Amino acid sequence: MEICTLKKRKDFIRAAEKGQKVCTHSVLVQAAPNKSAEDLSTYTGFTTTKKLGKANVRNRARRRLRAIVRDVFPQFALEGYTYVLIGRFITAECPYAMLRKDTIYALKKLHKLLNAPDKGSENEVAVPPADCQH
RNA sequence: ACAGGCAGCCGGAUAGCUGCGCCUAGGAAAGUAAGAUCCAUAGGUGAGGAAAGUCCGGGCUUCAAGGGAACAAGGCACCAGAUAACGUCUGGCUGGAGCAAUCCAAGUGACAGUGCCACAGAAAACAUACCGCCUGAUAACAUCUGUCAUCAGGUAAGGUUGAAAAGGCGGGGUAAGAGCCCACCGCGGAUGGAGCAAUUCGUUCGGCAAGGUAAACCAUGCCCGAAGCAAGACCAAGUUAGGAGAGCUUUGCAAAAAGUUAUACGGAGGGUUCCCACUCUACUCCAGAGGUAGGUCGCGCCGAGCUGUUUAGCGAUAAACAGCCAAGAUGAAUAGCUAUCGCCUGCUUUUGGCAGGUACAAAACCCGGCUUAUAGGCUGCCUGAUUUU
RNA sequence: GGAUGAGUGGCAGAGAGGCUGAAUGCGCGCGACUCGAAAUCGUGUAUACGGGGAGACCCGUAUCGGGGGUUCAAAUCCCUCCUCAUCCG
């Protein structure tokens with residue numbers, strides 16, 4: 001499987017608008033199908049905003065995300081999809097095992113949502129009542 | 001020992017596995033608009049003292065290129081030196097802080113001119129007379145060294161206000177007072193010695209000259225063209241509509257029309273203005289179209305370069321010699337895991353063990369500074385009042 | 001990466017050395033009008049520390065993004081740091 005990195009702003013926006021997202025404590029993952037169905041390679045992008053900290057903190061967060069992708073994606077990611085990983089406040093400092101676990105969880109959940117787009121919307125509506133306890 | 005001051009340095013170390021950027025060499029395939037690209041290949045190399053803030057000064061690039069001058073705006077400001085340059089650095093002077101080592105200072109000019117100094121206070125810049133003090137006159141009371149009121153004058157000692165009130169202190173002097181006079185200190189002029197100079201040490205004269213503010217305008221001296229690597233150069237693909245002005249050619253008596261930007265007398269344009277000399281462009285201005293998902297260079301093997309030694313100098317620094325070539329990305333390379341050791345804190349306990357921590361922060365064209373952030377540690381020199389042994 | 005501009009009560013926004021703790025508007029609190037509300041009118045409204053008072057409240061000091069300087073005196077002038085916003089081929 002080939003893993004390429006996103007380099008254009010347009011691609012990042014497309015993944016955010018057309019895809020699904022899952023948020024964990026250590027990382028936020030967005031995913032969307034590729035533009036053309038024939039394109040079977042996997043694209044990944046990394047975003048670390050100024051909110052995270054100064055330049056060296058952002059760099060470390062991005063490098064850890066890149067390491068996670070090398071470690072996890074060959075096993076868990078699907079072909080023909082675009083993923084965007086966004087760093088959160090603890091990304092640069094949390095234990096590696098936690099970051100790995102969160103990413104795998106996020107990927108699995110995303111694939112559920114993407115494979116059943118019609119049902120996915122129903123699930124989102126169905127979830128809130130579980131939180132409300134009378 | 002303790003406390004303090006100054007100068008300089010370090011910014012965790014080692015090993016293993018997986019993985020990344022760039023360079024060189026080698027190999028492979030494909031021919032692209034231009035540029036490319038790929039590899040279980042090999043070797044090399046890969047973030048700081050502040051890489052930061054962008055506060056100064058340069059290199060470099062564009063404005064066609066070069067020289068000179070001026071206005072405006074801005075900057076700097078004790079003296080001498082260092083430097084490519086600086087608002088930086090070094091040495092000194094003056095003033096201030098400290099027992100001292102040492103540290104701090106935008107440190108020119110307020111007799112060129114203008115402005116401002118609220119409130120309070122009698123008076124705030126041509127000083128002034130509110131209270132007070134003193135003298136005289138008049139009236140009253142008292143009764144003879146008086147008291148009080150009013151008027152006229154003298155006064156800058158004392159009081160009040162304020163950030164600031166016209167040299168300070170002591171003595172003489174006087175009706176009361178006053179640099180009115182004298183000594184010392186301060187201040188100003190002249191002059192001699194030391195020093196490149198800022199300045200300093202004397203000598204002598206003057207009775208004293210009239211506040212503060214220039215980080216208010218300003219004056220004096222010196223500096224300064226503007227914009228910035230998203231500067232800019234080249235390559236590739238694609239799109240578009242003209243109008244006004246200027247020059248030239250042709251037709252025409254002229255008005256005007258058509259064509260054109262080859263030649264260049266004049267004219268125009270090429271950095272705010274002006275001048276000089278030389279030169280360039282055919283166009284200049286307005287409007288319109290496309291594009292802002294292209295590529296290469298600029299961009300780091302040669303520099304105000306780095307390291308070391310010697311010499312000159314108090315020093316900043318300079319010169320000579322020897323050695324070295326050390327990131328170059330562009331949604332942007334250093335990460336993940338493991339082991340051992342170092343340092344710090346806490347607990348338990350004294351062979352040690354356990355837990356946690358190990359700063360500030362990462363190149364983006366490149367240098368010289370300044371400023372700000374910074375765990376912990378090392379080295380050298382110096383000082384100590386009434387610290388301790 | 002580079003270049004500009006701004007920061008003042010809860011919000012917007014004047015003030016550009018002294019009478020400004022701070023104009024003006026919005027908001028908020030209290031009161032009046034009303035049966036009640038709106039509108040209108042009146043009045044008040046920043047924070048911290050210290051002191052006084054039985055209490056309502058009063059007095060003093062400091063604060064105009066933070067720190068330092070010039071000045072008798074700074075929101076205002078100068079230096080420096082922080083934060084926010086805008087622009088670039």
Side-chain angles (χ1 to χ4, degrees):
Chain A
M1 178 161 69
E2 239 178 279
I3 299 177
C4 305
T5 45
L6 297 182
K7 297 198 173 180
K8 305 299 177 200
R9 182 175 161 74
K10 221 174 178 179
D11 298 331
F12 282 83
I13 292 172
R14 204 178 66 81
E17 286 181 349
K18 300 196 173 176
Q20 297 286 344
K21 68 174 179 182
V22 169
C23 187
T24 67
H25 281 291
S26 58
V27 66
L28 191 155
V29 184
Q30 295 172 334
N34 283 345
K35 220 172 184 178
S36 60
E38 298 167 6
D39 192 356
L40 284 179
S41 53
T42 305
Y43 292 96
T44 58
F46 308 94
T47 301
T48 49
T49 62
K50 272 191 177 175
K51 277 186 203 166
L52 293 186
K54 300 209 172 186
N56 73 326
V57 177
R58 277 176 286 163
N59 276 349
R60 194 177 306 125
R62 196 169 60 246
R63 283 163 188 160
R64 298 192 82 184
L65 292 177
R66 192 167 286 149
I68 285 286
V69 165
R70 269 199 300 274
D71 186 2
V72 171
F73 271 39
Q75 198 180 343
F76 293 93
L78 298 179
E79 291 184 342
Y81 282 88
T82 301
Y83 299 90
V84 174
L85 283 75
I86 299 174
R88 307 201 72 207
F89 289 98
I90 60 168
T91 302
E93 291 169 7
C94 68
Y96 182 77
M98 174 185 173
L99 195 58
R100 191 170 187 276
K101 195 179 144 195
D102 283 348
T103 309
I104 293 169
Y105 165 78
L107 288 179
K108 284 182 176 172
K109 189 165 183 184
L110 276 170
H111 296 153
K112 260 189 198 171
L113 291 170
L114 287 165
N115 289 335
D118 297 333
K119 291 177 186 176
S121 58
E122 290 173 11
N123 285 348
E124 281 178 7
V125 178
V127 168
D131 293 346
C132 298
Q133 297 175 355
H134 285 283

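Note that the coordinates shown come from a computational prediction; the quantities given were computed from them, not determined experimentally. Here is the naming used below: chain letters follow the sequence lines, and residue numbers restart at 1 for every chain.
- One P atom belongs to B:A13, the other to B:G49, and the distance between them is 14 Å to the nearest Å.
- The C1' atoms of B:U372 and B:A50 are separated by 9 Å, rounded to the nearest whole Å.
- Comparing atom distances between the A:Arg64 side chain and each of B:G331, B:A333, B:C337 picks out B:C337 as nearest.
- On the C1' atoms, C:A85 is 15 Å away from C:G65, given to the nearest whole Å.
- Other residues, nucleotides and ligands place more than 12 heavy atoms under 6.0 Å from the OH atom of A:Tyr96.
- Using Watson-Crick or G-U wobble geometry with both donor-acceptor distances under 3.5 Å, B:G202 finds its partner in B:U191.
- Base orientation of B:A72: anti, since the glycosidic angle falls outside 90° of 0.
- In this structure, A:Tyr96 atom OH and B:A335 atom C1' are separated by 9 Å, rounded to whole Å.
- One finds no side-chain N or O of A:Arg66 lying less than 4.0 angstrom from the OP1 or OP2 phosphate oxygen of B:G336.
- Counting to the nearest Å, the P atom of B:C20 and the CZ atom of A:Arg62 are 17 Å from each other.
- C:A3 is paired with C:U86 under the Watson-Crick or G-U wobble criterion, all donor-acceptor distances under 3.5 Å.
- Side chain of A:Arg64 to backbone of A:Thr91: a donor-acceptor contact under 3.5 angstrom is found.
- Using Watson-Crick or G-U wobble geometry with both donor-acceptor distances under 3.5 Å, B:A152 finds its partner in B:U135.
- Each of B:C337, B:A363, B:G331 was ranked by its minimum atom distance to the side chain of A:Thr47; first place goes to B:G331.
- The interatomic distance linking A:Arg70 (CZ) with B:U18 (P) rounds to 13 Å, in whole Å.
- Separating the P atom of B:A364 from that of B:G331 is a span of 16 Å, rounded to the nearest Å.
- B:A85: no Watson-Crick or G-U partner with both key distances under 3.5 Å is found in any strand.
- Nucleotide B:A51 holds its C1' atom 15 Å from the CZ atom of A:Arg58, rounded to whole Å.
- Between the side chain of A:Arg88 and the backbone N or O of A:Thr24 there is at least one donor-acceptor pair closer than 3.5 Å.
- Counting heavy atoms from C-beta on, the side chains of A:Tyr83 and A:Val69 never come closer than 4.5 Å.
- Applying the Watson-Crick and G-U wobble criteria (two distances, each under 3.5 Å), B:U37 pairs with B:A28.
- To the nearest 0.5 angstrom, A:Cys23 atom SG is 10.0 Å from A:Lys109 atom NZ.
- Interatomic distance, CG of A:Leu85 versus CG of A:Leu65, reported as 5.5 Å (0.5 Å rounding).
- Its glycosidic angle being more than 90° from 0, C:G55 falls on the anti side.
- Residue A:Ile68 contributes atom CD1, which lies 10 Å from atom P of B:G336 at whole-angstrom precision.
- Look at the P atom in both B:U45 and B:A15: the space between them is 14 Å, to the nearest Å.
- Atom-to-atom, CZ of A:Arg63 to C1' of B:C20 comes out at 10 Å; the value is rounded to the nearest Å.
- Ring planes of A:Tyr81 and A:His111: tilted class, angle from 30 to 60°.
- Between the side chain of A:Asn56 and the base of B:A362 there is no donor-acceptor pair of N/O atoms closer than 3.5 Å.
- The separation of B:C278 from B:G66, taken at their C1' atoms, amounts to 9 Å, rounded to a whole angstrom.
- In this entry B:U45 has B:G21 as its Watson-Crick or G-U wobble partner, both defining distances falling under 3.5 Å.
- In terms of position along RNA chain B, the nucleotide closest to A:Ala67 lies nearer the 5' end than the nucleotide closest to the other residue of the pair A:Asn59 and A:Ala67.
- For B:G177, there is no paired base (Watson-Crick or G-U wobble, both distances below 3.5 Å).
- Nucleotides B:G87 and B:G81, compared at atom P, are 16 Å apart to the nearest Å.
- Rounded to whole angstrom, the span from the OH atom of A:Tyr83 across to the P atom of B:G331 amounts to 24 Å.
- Across the strands present, B:U350 finds no partner; the criterion is a Watson-Crick or G-U wobble pair with both atom distances under 3.5 angstrom.
- B:C104 sits 28 Å from B:C223 when the C1' atoms are compared, rounded to a whole Å.
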